[in-house]
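Each ligand, and each atom within it, is numbered from 1 in the order the structure gives.
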Amino acid sequence: MAAINPDFSKRLSKFGAFDFNACYNCGNCTAVCTLSTENNSFPREMLRYSVLGLEDEIRQSVKPWLCYYCGECTTQCPRNASPGELMMSLRRWLTAEYDWTKLSGLLYRSLPFTILAFLIAALMVLLSAYSKKFDLEWMLHTGHSFEIIAISFVFVIILLPNIIRMWWFIILKPKVRVPLKKYFNALGDLLVNMFTQKRALGCDDNMFRWFEHFILVIGYLGLLFTTVFLDWFSSGSSVIIITGYVMSFVIFIVTIDFIYDRIRKKKEISIHSQPSDWMFVIWLFLMGLSAFLVRLFIDTGLLADNRWLYILHQIILVQWALIIVPFGKWTHFLYRSFAIYFEKLFD
Ligand code: SF4
Ligand code: SF4
């Protein structure tokens with residue numbers, strides 16, 4: 001029998017949900033959602049589950065991840081129940097549920113805890129640089145080693161077990177039988193959706209937003225590859241240097257537009273920004289900008305006299321790699337892609 005939790009709406013409000021209890025089940029939201037289909041109908045069903053607190057049903061559903069938050073359903077809701085924002089809050093809640101460390105939930109629910117985590121990360125960088133008397137060569141070498149270690153650690157210790165937990169909730173626990181062959185056949189779709197998020201094109205008037213996200217993903221992955229695998233800050237190759245400049249420039253230009261959107265609050269998607277949304281775009285912007293400046297200072301011979309810039313870049317990087325990527329909004333990119341993959345297995 002389904003377990004009903006009347007306190008669920010209180011818990012969900014900590015993840016950003018508004019008064020979804022105002023919903024009177026008219027179905028307008030599902031009717032206007034261009035991504036909702038006969039087989040995968042949302043967001044009304046998720047509203048019902050949330051009102052009743054059917055946590056198990058929500059945990060085993062991929063539907064919150066199939067929404068790309070265009071906000072159309074919220075605009076058309078006659079009861080101001082904000083179904084689009086509810087879907088976003090469910091994605092935050094699910095991120096916390098998948099996370100075995102439980103740190104995601106703490107970071108989403110508590111701003112003081114988030115600030116403390118950011119301060120500890122900054123202190124770690126400052127103390128390690130201070131212990132080596134701010135030796136630039138040591139900092140550059142350690143910074144590069146940190147990137148490699150952090151990526152491996154975060155993926156193997158945090159993200160991989162969390163994806164396995166997600167798989168458990170969606171496929172294993174409800175005893176969905178999936179032939180092994182299907183897992184392999186759907187792998188192509190997983191990669192295509194991960195890098196293009198092409199489903200977002202199904203939202204009305206979404207071409208520009210999709211394109212911005214697409215080039216941001218290219219810029220982010222390009223910068224990651226250039227700095228981590230091609231050692232951009234120490235490279236003498238002009239191809240690698242120019243590639244790094246272009247990628248970091250793309251990141252900070254696109255993120256400026258995202259930040260501007262959130263400040264203007266003209267679109268439904270940017271009206272209810274939570275701290276986690278702000279941190280995601282601001283830290284991406286700072287990463288792109290600080291990486292660009294560090295390389296510029298290297299090329300102009302100014303970095304030795306301005307080590308503070310590299311330390312600042314390292315602080316931003318460590319906060320990004322150890323807090324936002326494993327526990328924050330970055331994970332949505334991964335979980336959404338896997339949700340689409342798991343959905344494919346049901347076909
Ligand atoms: S959320 Fe609004 S539009 Fe959707 S079913 Fe409820 S009242 Fe209707
Ligand atoms: S926000 Fe857009 S994509 Fe998400 S449920 Fe509402 S209408 Fe559908």
Atom indices of ligand 2, in the order listed, that fall short of 4.0 Å to a heavy atom of C73: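 Per the distance check, 1 (S), 5 (S), 6 (Fe), 7 (S).
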Short list, please: which atoms of ligand 2 are under 4.0 Å from a heavy atom of Y68?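 Within the 4.0 Å cut-off of Y68, ligand 2 contributes 3 (S).
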Any idea which atoms of ligand 1 are less than 4.0 Å away from a heavy-atom of G27?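 Matching atoms, with element in brackets: 5 (S), 8 (Fe).
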With heavy atoms of N28 as the reference, note each atom of ligand 1 found under 4.0 Å away.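 Going through ligand 1 atom by atom, the ones under 4.0 Å from N28 are 3 (S).
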Please lay out, stage by stage, how F118 and W283 fare under the test ring pair (Phe, Tyr, Trp, His ring centres under 6.0 Å). CA-CA 11 Å; F118 274 68; W283 256 254; 4.8 Å; yes
Salt bridge flag under 4.0 Å for residues [X] and [Y]:
X    : Y    : answer
R264 : D261 : yes
R92  : E85  : yes
E343 : R199 : yes

With R79 as the cation and Y24 as the aromatic partner, state whether NZ or CZ is under 6.0 Å from the six-membered ring centre and within 45° of the axis.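 Judged by the rule, R79 and Y24 form a cation-pi pair.
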I want to check a possible cation-pi pair here: R336 against Y68, using under 6.0 Å from ring centre and within 45° of the ring axis as the test.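 The answer is yes, since R336 meets both limits relative to Y68.
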Below a 4.0 angstrom heavy-atom separation, can you tell me which part of N25, side chain or backbone, both or neither, approaches ligand 1?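 Near ligand 1, N25 shows its backbone, while the atoms from C-beta on stay back.
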Where on Y24 is there a heavy atom closer than 4.0 Å to ligand 1, on the side chain, on the backbone, on both, or on neither?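 The part of Y24 near ligand 1 is both the backbone and the side chain.
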Please write down residue, atom name and distance for the protein heavy atom closest to atom 2 (Fe) of ligand 2.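 It is C70 SG, 2.3 Å.
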Please write down residue, atom name and distance for the protein heavy atom closest to atom 6 (Fe) of ligand 1.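 Closest protein heavy atom to atom 6 (Fe) of ligand 1: C23 SG, 2.4 Å.
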At a threshold of 2.8 Å, where the distance has to be below it, does atom 2 (Fe) of ligand 2 have an N, O or S atom of C67 nearby?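 It does not: C67 brings no N, O or S atom closer than 2.8 Å to atom 2 (Fe) of ligand 2.
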Minimum non-hydrogen distance to atom 8 (Fe) of ligand 2, winning option of C33, C29, C77: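 Heavy atom nearest to atom 8 (Fe) of ligand 2 belongs to C33.
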State if P83 counts as touching ligand 2 under the rule of any non-hydrogen atom under 4.0 Å.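 No, that is not the case, since the closest heavy atom of the residue is not under 4.0 Å from the ligand.
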Crowding at NZ, K102 (>12 non-hydrogen neighbours, <6.0 Å):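 For K102, atom NZ is crowded (more than 12 foreign heavy atoms under 6.0 Å).
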Could you walk me through whether D19 and S82 pass side-chain contact (heavy atoms from CB on, under 4.5 Å), step by step? CA-CA 7 Å; D19 190 14; S82 303; over 6 Å; no
